[in-house]
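Labels below follow one simple rule: chain letters A, B, ... track the order of the sequence lines, proteins then strands, and each chain is numbered from 1.
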Amino acid sequence: MSAASNSTSVAMRGPSRGSTMATTLIAAVLLLIAVAAPFVLYPVFLMKVLCFALFACAFNLLIGFAGLLSFGHAAFFGGAAYVTAHVVKEWGWAPEFGLLAATVVAAGLGLVFGLIAIRRQGIYFAMITLALSQMVFFLALQLPFTHGEDGIQGVPRGTLFGLFDLSQPLTMYYTVLAIFVAGFALIWRTVHSPFGQVLKAIRENEPRAVSLGYRTDRYKLVAFVLSASLAGLAGGTKALVFQLASLTDVTWQMSGEVVLMTLLGGMGTLFGPVVGAGLVVTLESYLASTSLPVPVVIGCIFVVCVLVFRRGIVGELLARLPRRGH
Amino acid sequence: MPDGMQTKTARTGTAMLEIADLHGFYGESHVLHGVSLEVRQGEVVTLLGRNGAGKTSTMRAVMGIMGKRTGSIRFQGTELIGMAQHKIPRLGIGYVPEERGIFSSLSVDENLTLPPVVKEGGMTVPQIHDLFPNLKGRGSTQGTRLSGGEQQMLAIARILRTGATLILLDEPTEGLAPVIIEQIGVAVRALKARGFTIVLVEQNFRFAATIADRHYVMEEGHVVDMIPNDQLQANMDKLHTYLGV
Amino acid sequence: QVSDNVIRIGVLNDRSGIYADLAGEGSAVAARMAAEEFGNKVAGAAVEIVVADHQNKADIAASKAREWVDTGGVDAIADVPNSAAALAVQGITKEKKRIFLMSGPGATALSGAQCSPYGFQWTYDNYAMAAGTGRALYEQGKKKWFFVTADYAFGQSLEEETTKMVKSLGGTIVGSVRHPLGTADFSSFLLQAQGSGADVIGLANAGGDTVNAVKQAAEFGITQSGQSLAGLLMFISDVNALGLQSAQGLMLTTGFYWDMDDQTRDWSKKFEAKVGKKPTMVQAGVYSAVKHYLKAVEAAKTDDADKVAAKMRELPVEDMFAKKGKIAANGRMFHDMYLAQVKTPAESKGAWDYYKIVKTIPADTAFMDPKQSGCALVK
Amino acid sequence: MNAAPNDDIILEARNLTKEFKGFVAVKEVNLQVRRGTIHALIGPNGAGKSTVFNLLTKFLTPTRGQILYKGRDITRTKPADIALMGLVRSFQISAVFPHLSVLENVRVALQRPLGTSFHFWKSESSLYDLHGRAQELIEAVNLTPWANHTAAELPYGRKRALEIATTLALDPEVMLLDEPLAGMGHEDIEGTAALIKRVAADRTVLMVEHNLSVVAHLSDTITVLRRGEILAEGPYQVVSKNPQVMEAYMGTGGTGHA
Amino acid sequence: MFSLLGVPPQVLFGQLLLGLINGSFYALLSLGLAVIFGMLNVINFAHGALYMVGAFVAWLLLTYAGVGYWGALVVAPVVVGLLGIVLEKTMLSRLYKLDHLYGLLLTFGLALILEGAFRHQYGVSGQPYPIPAALQGGQNLGFMFLPNYRAWVVVASLTVCFGTWFAIERTKLGAYLRAATENPTLVQAFGINVPVMVSLTYGFGVALAGLAGVLAAPIYQVSPLMGTNLIIIVFAVVVIGGMGSILGAIITGLGLGLLEGLTKVFYPEASNIVVFVVMAIVLLIKPAGLFGRER
Ligand SMILES: Nc1ncnc2c1ncn2[C@@H]1O[C@H](COP(=O)(O)OP(=O)(O)OP(=O)(O)O)[C@@H](O)[C@H]1O
Ligand SMILES: Nc1ncnc2c1ncn2[C@@H]1O[C@H](COP(=O)(O)OP(=O)(O)OP(=O)(O)O)[C@@H](O)[C@H]1O
Ligand SMILES: [Mg+2]
Ligand SMILES: [Mg+2]
């Protein structure tokens, strides 16, 4: 039993019910800011942040609420980007179907990964997902349709539902925002659903959940597939935004990056991954024009987070807020 | 009772363990509030008290495996507070933790021989097998595959091997069948006869009464009473109130 | 006539990853050297060089390029090794009408199917490296080839181009083996190559893969046994990394070598003083491309991309990098390439004395005929 | 023992045997638990009680033999599934969900029969209907003042109580308790024993326990195991007089638990 | 001449031999990883980076101190081991009480830093490292040319592997280490200086990586990226062997080297994937790995 409780302590408690109101309020304010943002900030940058934020949120669903660290989420993100890019560019599908295809393929991939990996926990799970995603990487590299290191380029953004011309930056932006909000809402709902409750229980004490009659593997599998699908949706969206799909997004370094985003923002908090993604993307684009070696800086942040800052930014903030309830 | 145990030169009467005004903390929480007690060479002393009274914490404080400690713990005159953790057992103190601490990645034999011998005069493996026949022939079984009671026996046995002169036993009878409890009682008396000094935490004071010289009663992190065993009957009512029976 | 009165050139490349040695900071230095030759001023406007690290990620390259164009007032983007990144930038510069001076990327699509009126592929391309080497070696009498190919689009196309060339000349391919990207141990493949009886083992891979393959070929005594090793995409930085002991005898094609004439030696010395290494062809190419671009701006007296691009095509390229170079309709800059053989340690007279130039490959045979490139700009 | 009418037997083991690499921990055990009784399993250490218990709750697979629950063969059924059939176990070490509140702990068990446990699109508020029942259960184990505390904050004895409440939430027909009193202080033992007695009123309980006085007080039938085999079976008064049992288990008396 | 699936037997022997050589690298690296995992419960993501550091230390010694291969073979592992001890003392040791995942994340960060720093300092193309004079040349085995250096690598790494296995499985040391992983406080209470022991173990584990780095230097380029991809394969090896199993790591390392060698002959495109495929299959059949114990 000590092993079970060990492997769960990574995940932190979500906000208590008492703070749900506050969360709603914060969400509304953030949404307003997001709507106004493209008039102040560079839309492509914002879209990138949103894509990664959704990716990180999807990842967080797994680590933060099911206690499973996947070190292979890049496979879903990057794999789905290829799918969208391919069906939209080569088969001429409409963008909404491109995204749907990405989500479905990622879900399928998630199911396969899940069936293999879900039987182990903790680091075992992390290593297995890592190895499996590495397999996807080699496939992406070697299959002809991905065009090797060139990637799939010049993906047309197309017209959403035949109505919205996505080549307009603002239209694209609001589409991405809508996708993000929908994805985020789904995660929120999941976390606060009957399913989410069982998930938390499993994270807390798996043998006990079994003895209560829950087939825990299935719950974990559903969570995994859900997380993979949303990661896929994020990847597909990114392919549309940048009009390309490339190997970068399937490398294991990308899996590491999403861990960093989540860790930095705060695992197991709803907004943490969003903040983390925003910070990491900003940092990367800032570092691009300096002479600092990017990996070293990222590595240092990792180390600092793990050593002294485990709750992440949002987690720290929540912990400092006066505790209410009880 | 096992034979062949070397007789120690028992100088009953000198102070073996002296604890004075011991305070102990787990992180922020202050759990020991000035424990003071004394154990003389060759004595068997029990710590009684309700759940959470601080019995285990006192033992952990002696072993140095507790966050912060203040006050004084002297073993044969040597101050233990401030001493490196791994040096304390080497002075000749053996500890049997309440959760038994059998290692699942080790076989029974490996568990048995794990603690280094710190003094001469410890029991040999055959003597241990005589004392706890359940352990015989199970040497290659994975430690935690033993039944709960067998694990308890193993936990005690491995300390007897080390030759430690002061043995701290935390709830040695928990989860044991009455016959085995009796057997442990016999073993404790035998150890005492050989000059070992024993401190034990017990919930089961009927058992404690059969082996101990004195009883310290703890409540909320300090010692509230000391009852010599021969006065136990007379103090039964008091004890019942302490223990909430 | 120059927008915001500054000519801003963005050097966008890999500054920390696998292309950092062949491009990286050296490319930025080369661009600055070019600007300095104009006193950092053309057509009355100041010339400014900005740099960024695309970290080998196409999306970072794309967003940086967009940001530069949209908010940074950048008129031209230079270098961009890594063809995924370059293709992404090509799309943006085409849409936003900015000059793109490619020295780093080798994908032929950049002056082929994905060509742009504003995109100029300057230094080399995979066709030139592959077909050029194939032809040159054939002419040296090496007719039987075996390929060790990195198993992805890039490696396959190198193999394909070389094969086409060798076959068209009458040579034969005796075998090939595909290895995954990032293979550390090549002994197994080399053994197969050794057993094949080929004259040349063509390494259709790049970077670390090529370096490891060459190194292990030396270990297994392949070159000593009479077979030639040809690196289909190798840079002087790779040879430097290998050391002559391992690299000796290797054949490769290059667009530039520092020790060709006084001009190259002179420029390379200046470069080395700043960077601490001799320039690679990519870095020298950045210098040449930026210089030509500035010349065109000076001549056109504007930074308007259409006019500058027209001027660039009109003016001959004439500098220490390219003699009598000219730009074809597809954006390919035609200049002579060279077949080089790596010297033995005994032949080498000192640091960076690495190549024997075996043969000059004339510009028109070195590069693909623009008509066959698939570029829509070629009528 | 006389063969009882069949529908009276809710849980039955036939010739149950478990071997561990040549070591026979449980040998040909035939055990019948009658509906509505409290059945205790005692025996010296290493007798095989926990192993029998784990076999019955499917956390181990028998080497040979058969387990019948309400006449159905459940020898190969998965642990989660037997819980669904109404056979629920507790753990020797307290098993709560430490970071959920007491209420949520109980609710997790209550929500299972709703059949919405996979519904990730449904609101948590769909579970609020269960609060009434949860409060009742919490009340039943005297945890009402703690209802909104996280389980980790509870003292040991309360955790055991919570565990029992959670188990009861499933409304099991048979409860299997593994040393439910181990490690408890005197003050908690009595309370918990009373609680077991209370909840056993309309269900069947099978427990492993060393605390003889509690066993004597609670159980209708006692099975004594020794070296993997059944040594004796019957009510306490009978079993405790059995000389073999005295020799193997109770000893000469006097030092047993209070 | 008869042949096997179109491959003459001589060639096959050659390839198997090469596979064994590669396998011995995998074995050495996964052994270090398994020691660290088995004893500390830390997945040492920095293992690949420390392997690289080992190779670099050898190169630096040669270039700046004139210390040759044989000296480096001793000095580099010691340097890497000391570096490991410092990392363990200052960082890893704070994480043991937490979830094991934090160890993985910390070492992931460390790997990024180490690789990034070397990349920044020395570029990515790598540095040449010559084969020591005594081991140059090779033997013609008839079916293949076996460079002396490769033969040496096999002998050296197998010796180290089995020596380590013996020391850990057959001596008291292993029991201490395993016990300390489970319950360090208690082992400490038996009078064993656990923190020092743990530091030394980590130091030893990474010293093995450093040693592998020195052995690799003359074959592969001494490059900051040399450990990056290798480490993932080694992870897979350790998972297949059963995490924490010392013997499992050694045997699986060798076995997969052979398997990979065969794949390179029959279906080279898949030679990088084959390890992962095997992993997936093994996990489906035996979730704890071939030699692993279910925990
Ligand atoms: N690791 C810990 N961290 C924080 N508090 C602790 C820790 N261990 C024990 N405590 C607290 O210290 C107090 C004394 O506990 P201790 O274990 O010494 O009691 P005890 O008398 O041995 O009780 P028991 O009979 O249950 O074993 C209790 O209030 C307990 O909750
Ligand atoms: N997985 C296993 N491998 C080997 N032996 C085992 C295993 N599990 C149990 N045993 C052995 O089977 C016997 C019965 O063990 P069990 O745990 O059932 O005893 P128990 O009656 O519960 O004893 P206790 O009262 O001490 O808990 C013991 O001798 C034990 O060592
Ligand atoms: Mg205690
Ligand atoms: Mg038991």
Would you mind checking which part of [X] comes under 4.5 Å of any heavy atom in chain C, side chain (CB onward), backbone (N, CA, C, O), both or neither?
X        : value
A/Phe45  : neither
A/Gln243 : side chain
A/Leu141 : both

Worksheet item: Can you find a heavy atom in the side chain of C/Asn13 that is under 4.5 Å from one in the side chain of C/Tyr19?
Response: no

Worksheet entry | Under 4.5 Å from any heavy atom of chain A - which part of C/Lys64 | side chain

[options]: which one forms the most heavy-atom pairs within less than 4.5 Å of chain A?
options                             : result
C/Ala86, C/Ala107, C/Ala88, C/Gly91 : C/Ala88
C/Asn56, C/Val50, C/Asp59           : C/Asp59
C/Thr71, C/Asp70, C/Val51           : C/Asp70
C/Arg178, C/Gln156, C/Glu67         : C/Glu67

Worksheet item: Salt bridge check: are C/Arg32 and C/Glu25 linked by an N-O gap of less than 4.0 Å?
Response: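 Looking at C/Arg32 and C/Glu25, the cut-off is met.
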
Worksheet item: More than 12 non-hydrogen atoms from neighbouring residues, nucleotides or ligands closer than 6.0 Å to OH on A/Tyr174, yes or no?
Response: yes

Discussion item. With a 6.0 Å cut-off (strictly less than), is the heavy-atom count around OH of A/Tyr286, excluding the residue itself, greater than 12?
Written reply: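 No.
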
Discussion item. Apply salt bridge (Lys or Arg N to Asp or Glu O under 4.0 Å) to residues C/Glu36 and C/Lys274 and explain how you reach the verdict.
Written reply: CA-CA 14 Å; C/Glu36 273 157 25; C/Lys274 291 177 203 266; 3.8 Å; yes

Discussion item. Between C/Lys94 (side chain only) and C/Cys115 (backbone N and O only), is there a donor and an acceptor less than 3.5 Å apart?
Written reply: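 Here the side-chain-to-backbone pair exists.
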
